[in-house]
Protein chains: 2
Amino acid sequence: MNRLKKYASSTDVARLAGVSQSAVSRTYKPGASVSEETRAKVLAAAQQLDYRPSMIPRIMLTHRSNLVAIVIGGMYNPFYSVVLEQFTIRLQAAGWQVLLLHVDSGHSFDAVIPRLASYRVDAIVSALAVLAPESAAELARFRIPTISFNTPVKNEWLSSVCCDNWGAARTAVDLFLARGARSFGYIAGPAGSPANEERLGGFRERLRELGHPDPIVIGGHFRYEGGYASALQMCRGPDRPDAIFCANDLVAIGAIDALRKELRLDVPGDVMIAGFDDIPAAGYAGYDLTTFVHDGKRMVDESLKILAAATASPPEPHEARIVVPAILIERGTTAPRP
Amino acid sequence: MNRLKKYASSTDVARLAGVSQSAVSRTYKPGASVSEETRAKVLAAAQQLDYRPSMIPRIMLTHRSNLVAIVIGGMYNPFYSVVLEQFTIRLQAAGWQVLLLHVDSGHSFDAVIPRLASYRVDAIVSALAVLAPESAAELARFRIPTISFNTPVKNEWLSSVCCDNWGAARTAVDLFLARGARSFGYIAGPAGSPANEERLGGFRERLRELGHPDPIVIGGHFRYEGGYASALQMCRGPDRPDAIFCANDLVAIGAIDALRKELRLDVPGDVMIAGFDDIPAAGYAGYDLTTFVHDGKRMVDESLKILAAATASPPEPHEARIVVPAILIERGTTAPRP
DNA sequence: TTGTAGGCGTTATCAC
DNA sequence: GTGATAACGCCTACAA
């Protein structure tokens, strides 16, 4: 066995300080009864040995690791990097440590579950575009409280915090109509993504409600390149729509660039565009994109409430499904035609 | 003590399977000698109890946690989100687990060191704009191998992997001159950032070498808004430069938007712009920004080599300071004037 | 206020 | 091939 001992132990400190190991332990426990004299001896010895108490034995004794796993599936979308950052900051402030895991797709989630379990994480946050129901079931077997970010699955151990995609998409219809649009397109994200399906669903529903024809639908990615290609395809012919709702901001920005640079169309003069997320680039003067605020901070907030309740002892019940509204931000890409 | 035992232990499995605890342990150790019969009994019992071997006692015995801490200081810059993602993917593939820490500034690094130490991380990756030398010294006290990403500090426990900012900045001068520019500006990042200082240093050095006047320098942030404001200030008057080198792409994009939208100037016709990093937005048709590839993948690669050597037993010596070249990508913002 | 002793869940070593 | 047994570093009764 590898006996490369790098850290001093409390026993080492105790020996050097001429006290018992428990005295060392008590020195580092807030509110324990240690005399000033003992404490001073311990701290001096600890300083000399660069001693730091280890969390590891504590995990064994308490069955709590203080570790929260964040499982993420791609950070090309700035929305998710912001969410990851927010989660990290907030969890750290609450005394948790973050174990970061990356998975390629919903299915490879299963592959990392054993790793999570072997580190005895106290909770899991899944920030994936797609969380497969089978993975959710597999998770439940380990009885680890889990929060699904943006995928509305749930079971006894799994809560979800989502954005009101459906409602926002309905609002997009009303906005486009108020601005004079009469024909519509939707540039879609990947099939199987609940966010994409809800956004399309709400958009189509509201159009039907008001007696308008269904939108043209093209797409399949949440990326800039996808929006670029789809917009070209959708607007090249004579029957191009007046207004396009995009699955997210990256797609919308791709669409804007394609329309302006390739087709020499004016946005919003020829075609109006709206996106979803309100990533930083949506606010850049070059795009000035109308979009819906995907309120990551608020969602992280709600997630932490659930997490705190679920990891309390005894666990308190808490809302298992939270839906946060998405606020419309009207910018230049849906400006009224002069 | 909180006796909320959530996971089955090897002892539980052994009891159910009717074998010894050691037999269970051996079943999960690759290449250990267990009969097929015993293995089957163990696996059946384990399945029934949802048993997963715990890493925690192993850490105590081996003094290795298999944990690598990544310390990050802000992910507003897409370059850093990509780097974080790359690190995570690569470390995971190599069998490590990632502990993610966020710090606000170079100084708050010190506050997280005890946390790292208490989890007995095997190595640390610091991906900060600024790593204070005092923090580096503090780190060394714990004898944890550390890699400093983009900050060229070093000591016995600290290696660095940086980008050739200086050389790239010199190349920017040559490019601008070849395209006909005769007066120059530099929109700066934050003071104290080595990357910013090297980029300015190389830019100024090469201009002097060739007998050109020093650039106008304005700035102070690595963000879009900073670039926007600085470009306005720099180009509003009559003595605006022909070409501006920006501390990074976010700043460059802000500058482009300010010049085009606020000052009605043409880029590159009136002012040429070059950035640094090659973030995705630099390639968007709306910006088409000339820039230098900040090769995150390659840098992660080099980091992992150092890490592997430093955590090997016995530790192998390895290059302590790596500099990766930054390749020029010429796009529209420095296109020759027609 | 202090020290002693037992145990947390593994791995490694040793007889059998 | 198998089962005891001793660590690992800490926390927590309990006794002094």
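Proteins get letters first, then strands, A, B, ... in listed order; numbering begins at 1 in each.
Note: CG (B:Leu61) to P (D:dC8) measures 9 Å, nearest angstrom. Across the protein-nucleic acid pair, A:Tyr28 atom OH and D:dT12 atom C1' stand 19 Å apart, rounded to whole Å. Summarising the geometry, the separation between NE2 on A:His63 and P on D:dC10 is reported as 18 Å, rounded to the nearest angstrom. For the pair B:Met55 CE and C:dG9 P, the interatomic distance rounds to 16 Å; values are reported in whole Å. As rounded to whole Å, 13 Å separates atom C1' of C:dG3 from atom NZ of A:Lys41. C:dG9 atom C1' lies 10 Å from atom CG of B:Asp12, rounded to whole Å. The interatomic distance linking B:Tyr119 (OH) with D:dC10 (C1') rounds to 14 Å, in whole Å.
No donor-acceptor distance shorter than 3.5 angstrom exists from the side chain of B:Arg120 to the backbone of A:Lys6, with no hydrogens or angles considered. Between the A:Ser35 side chain and the A:Thr38 main chain, a donor and an acceptor come within less than 3.5 Å of each other. Within the 3.5 Å criterion, the main-chain N or O of A:His102 finds a donor-acceptor partner in the side chain of B:Gln92.
Taking 4.0 angstrom as the limit, B:Lys29 places none of its side-chain polar atoms (N or O) nearer than this to OP1 or OP2 of C:dT10. In terms of phosphate contacts, A:Arg58 brings no side-chain nitrogen or oxygen within less than 4.0 Å of OP1 or OP2 of D:dC10. Remark: A:Thr11 is not in phosphate contact with D:dG9, judged by side-chain N or O atoms under 4.0 Å from OP1 or OP2. An OP1 or OP2 oxygen of D:dC8 is reached within less than 4.0 angstrom by no side-chain nitrogen or oxygen of B:Arg64.
In this structure, A:Val24 reaches neither bases nor backbone, as no heavy-atom distance under 4.0 Å exists between it and the strands shown. Nucleic acid contact for B:Ser25: base, since at least one base atom lies under 4.0 Å from a heavy atom of the residue. Nucleic acid contact for B:Tyr51: sugar-phosphate only, since backbone atoms but no base atoms lie under 4.0 Å from a heavy atom of the residue. If you check every strand for non-hydrogen atoms under 4.0 Å, A:Arg39 touches nothing.
Side chain of A:Ser33, nearest nucleotide from C:dC8, C:dT1, C:dT11: C:dT1. Distances were taken from every side-chain heavy atom of A:Met60 (C-beta onward) to each of D:dC11, C:dG9, C:dT2; the shortest belongs to C:dG9.
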Identify each atom pair where a protein N or O and an N or O of nucleotides 3-6 of chain D are less than 3.5 Å apart, giving names and distance.
unit_1 : atom_1 : unit_2  : atom_2 : d
D:dG3  : OP2    : B:Ser20 : N      : 3.3
D:dG3  : OP2    : B:Ser20 : OG     : 3.2
D:dG3  : N7     : B:Arg26 : NH2    : 2.7
D:dG3  : O6     : B:Arg26 : NH1    : 3.1
D:dA4  : N7     : B:Ser22 : OG     : 3.3
D:dA4  : N6     : B:Ser22 : OG     : 3.0

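Between A:Phe222 and A:Tyr80, the gap from one ring centroid to the other reaches at least 6.0 Å.
A:Phe87 and A:Phe149 have perpendicular rings, their planes meeting at more than 60° on a 0 to 90° scale where under 30° would count as parallel.
Positionally, the nearest nucleotide of DNA chain D for B:Ser35 lies more toward the 5' end than for the other of B:Ser35 and B:Pro57.
No hydrogens or angles considered: nothing links the side chains of B:Gln21 and B:Thr11 as a donor-acceptor pair under 3.5 Å.
The side-chain tip of B:Arg52 does not point at the ring of A:Phe142 from less than 6.0 angstrom away and within 45° of straight on.
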* Asked: Would B:Asp12 and B:Arg15 satisfy salt bridge (Lys or Arg N to Asp or Glu O under 4.0 Å), going step by step from the backbone distance to the final call?
  -> CA-CA 5 Å; B:Asp12 298 332; B:Arg15 188 163 31 230; 2.9 Å; yes
